[in-house]
Amino acid sequence: MTTTWDAREEILALQKVSVHFGQRTVLSEIDLSIGGGEFIGLIGPNGAGKSTLLKVLLGLLPPSSGSVHVLGRAVRRGSAVIGYVPQKIHLDPGTPLTGRDLVGLGLDGHRFGFAIGGRHRRERIDDALRSVDATHLAQSPVGRLSGGEQQRLLIAQALLTEPKILLLDEPLSNLDIKSAREVVRLVARISRERGVTVMLVAHDMNPLLDVMDRIVYLAHGHAVIGPVDAVVQSDVLSGLYGYPVEVLRTRNRILVVGGQDTELEDWNLAGEEHCDGGVAVS
């Protein structure tokens with residue numbers, strides 16, 4: 001069962017997707033339907049299957065069962081309609097790679113033979129740099145840039161193929177609060193202006209609450225999808241985790257507590273736009 005998203009083209013659809021590694025089940029019959037231009041936050045504890053789900057969406061890992069479709073077609077590896085932003089890169093400060101070089105890898109880093117060259121290539125890279133407000137970083141050594149600056153360049157790299165979907169794997173990890181907010185605002189603007197569907201993986205949901213349309217919460221191989229107010233409820237999360245979970249709201253914050261090994265998620269609700277909507281559990 002999935003939440004319907006009226007008036008938006010279905011961009012991404014998962015039907016009964018399961019992933020098994022030997023006897024271990026990482027994802028169990030996941031159903032998701034995501035519309036064009038949606039901003040989705042993907043959250044879950046360590047080991048919940050977030051990275052595995054991204055690999056399935058990227059066509060890097062075939063599901064053990066079920067189907068994955070992007071724009072109505074079976075997902076395939078290296079699809080230009082999907083842009084991917086990996087976790088923070090680690091480069092030595094002396095690495096002879098400039099911001100322009102890093103962005104350019106989005107055009108030819110996966111190719112065999114000669115790279116795309118000439119004026120057209122320069123124009124596409126320039127446009128991508130402008131789209132993330134990073135023109136001033138074009139000639140900067142990437143190993144000496146801050147985490148937030150590197151994330152801007154990685155987002156620009158992912159935009160070079162003009163994707164319909166942008167997948168971001170923990171882009172806010174190791175960033176300070178100011179940088180994290182800047183990255184979130186940047187991604188939200190790109191989503192609005194280009195109509196790009198965004199799925200952003202994060203542990204800390206605080207920066208996402210006023211920009212995401214829905215949340216996908218993964219735990220124990222199962223998923224819940226819906227607006228934050230519908231998903232982050234005691235009964236919903238208790239059903240997802242398989243043990244009693246209590247959701248507390250105090251001083252514009254949400255606390256999710258439960259289990260013998262007390263687990264705590266803390267989300268700031270300041271500025272959150274409350275919306276009605278259903279929740280789907282798979």
Side-chain angles (χ1 to χ4, degrees), residues 1-17 27-46 48-50 53-54 57 66 68 165-168 172 184 187-188 191-192 196-259 262-282:
M1 182 173 63
T2 55
T3 302
T4 58
W5 195 256
D6 295 335
R8 297 196 184 196
E9 177 188 12
E10 184 179 69
I11 294 293
L12 183 63
L14 283 74
Q15 295 182 328
K16 303 299 180 185
V17 169
L27 298 176
S28 179
E29 296 193 338
I30 302 295
D31 286 341
L32 295 177
S33 179
I34 296 174
E38 278 199 85
F39 193 120
I40 303 292
L42 176 60
I43 182 175
N46 289 332
K50 300 188 298 297
L53 180 58
L54 287 189
L57 297 178
V68 183
I165 303 170
L166 190 60
L167 305 178
L168 301 100
L172 310 182
V184 169
V187 175
S191 178
R192 291 193 308 270
V196 175
T197 298
V198 170
M199 180 176 284
L200 191 153
V201 180
H203 283 293
D204 180 9
M205 295 301 296
N206 293 328
L208 301 181
L209 288 171
D210 60 350
V211 299
M212 65 180 171
D213 298 301
R214 291 189 292 167
I215 183 174
V216 174
Y217 199 125
L218 284 177
H220 297 307
H222 297 280
V224 184
I225 181 171
V228 173
D229 279 351
V231 170
V232 189
Q233 298 289 340
S234 297
D235 58 340
V236 174
L237 295 187
S238 294
L240 182 65
Y241 276 99
Y243 54 72
V245 169
E246 186 174 4
V247 175
L248 306 175
R249 287 172 168 80
T250 178
R251 295 185 180 181
N252 293 325
R253 304 184 76 85
I254 290 181
L255 305 180
V256 180
V257 186
T262 303
E263 181 171 346
L264 179 64
E265 304 282 356
D266 186 356
W267 295 325
N268 185 349
L269 292 184
E272 179 186 358
E273 295 181 2
H274 295 276
C275 56
D276 295 327
V279 57
V281 181
S282 61

- Message: Closer than 3.5 angstrom, by distance alone: can the side chain of H222 be matched with the main-chain N or O of L240 as a donor-acceptor pair?
- Response: no

- Would you find a donor on one side and an acceptor on the other, under 3.5 Å apart, between the side chain of Q233 and the backbone of A230? no

- Under 3.5 Å, is there a donor-acceptor pair linking the side chains of S33 and E10? yes

Looking only at heavy atoms, what is the nearest atom pair of [X] and [Y], with distance?
| X | Y | value |
| --- | --- | --- |
| M199 | L54 | SD-CD2, 4.5 Å |
| Y241 | A219 | CE2-CB, 3.8 Å |
| Y217 | V231 | CB-CG1, 4.1 Å |

Qualifying residue for side-chain contact (heavy atoms from CB on, under 4.5 Å) with [X], from [options]:
| X | options | result |
| --- | --- | --- |
| V187 | L208, V196, L168 | L168 |
| I43 | V232, I215, L200 | I215 |
| S191 | I40, V198, V211 | V198 |

Drop me the distance from [X]'s [atom1] to [Y]'s [atom2], to the nearest 0.5 angstrom.
| X | Y | atom1 | atom2 | answer |
| --- | --- | --- | --- | --- |
| T197 | E9 | OG1 | CD | 8.5 Å |
| D31 | L14 | CG | CG | 8.0 Å |
| I30 | Q15 | CD1 | CD | 13.0 Å |
| Y243 | L237 | OH | CG | 9.5 Å |

- Task: Determine whether L12 and E38 make a side-chain contact, defined as any pair of heavy atoms from C-beta on separated by less than 4.5 Å.
- Result: no

- Check: I165 and I11 side chains under 4.5 Å, non-hydrogen atoms: yes

- Of all residues at least two apart in sequence or in a different chain, which pass the side chain to side chain contact (heavy atoms under 4.5 Å, CB included) check with A48? P45, L218

- Residues passing the side chain to side chain contact (heavy atoms under 4.5 Å, CB included) test with S238, sequence neighbours excluded, are V245

- Task: Evaluate the side-chain contact (heavy atoms from CB on, under 4.5 Å) criterion for residues R214 and V228: first the C-alpha distance (whole Å), next the side-chain angles of each, then the deciding distance (0.1 Å), finally the verdict.
- Result: CA-CA 6 Å; R214 291 189 292 167; V228 173; over 6 Å; no

- Query: How far apart are the C-alpha atoms of V224 and V216, what are their side-chain angles, what is the distance that settles it, and do they pass the side-chain contact (heavy atoms from CB on, under 4.5 Å) test?
  - Reply: CA-CA 6 Å; V224 184; V216 174; over 6 Å; no

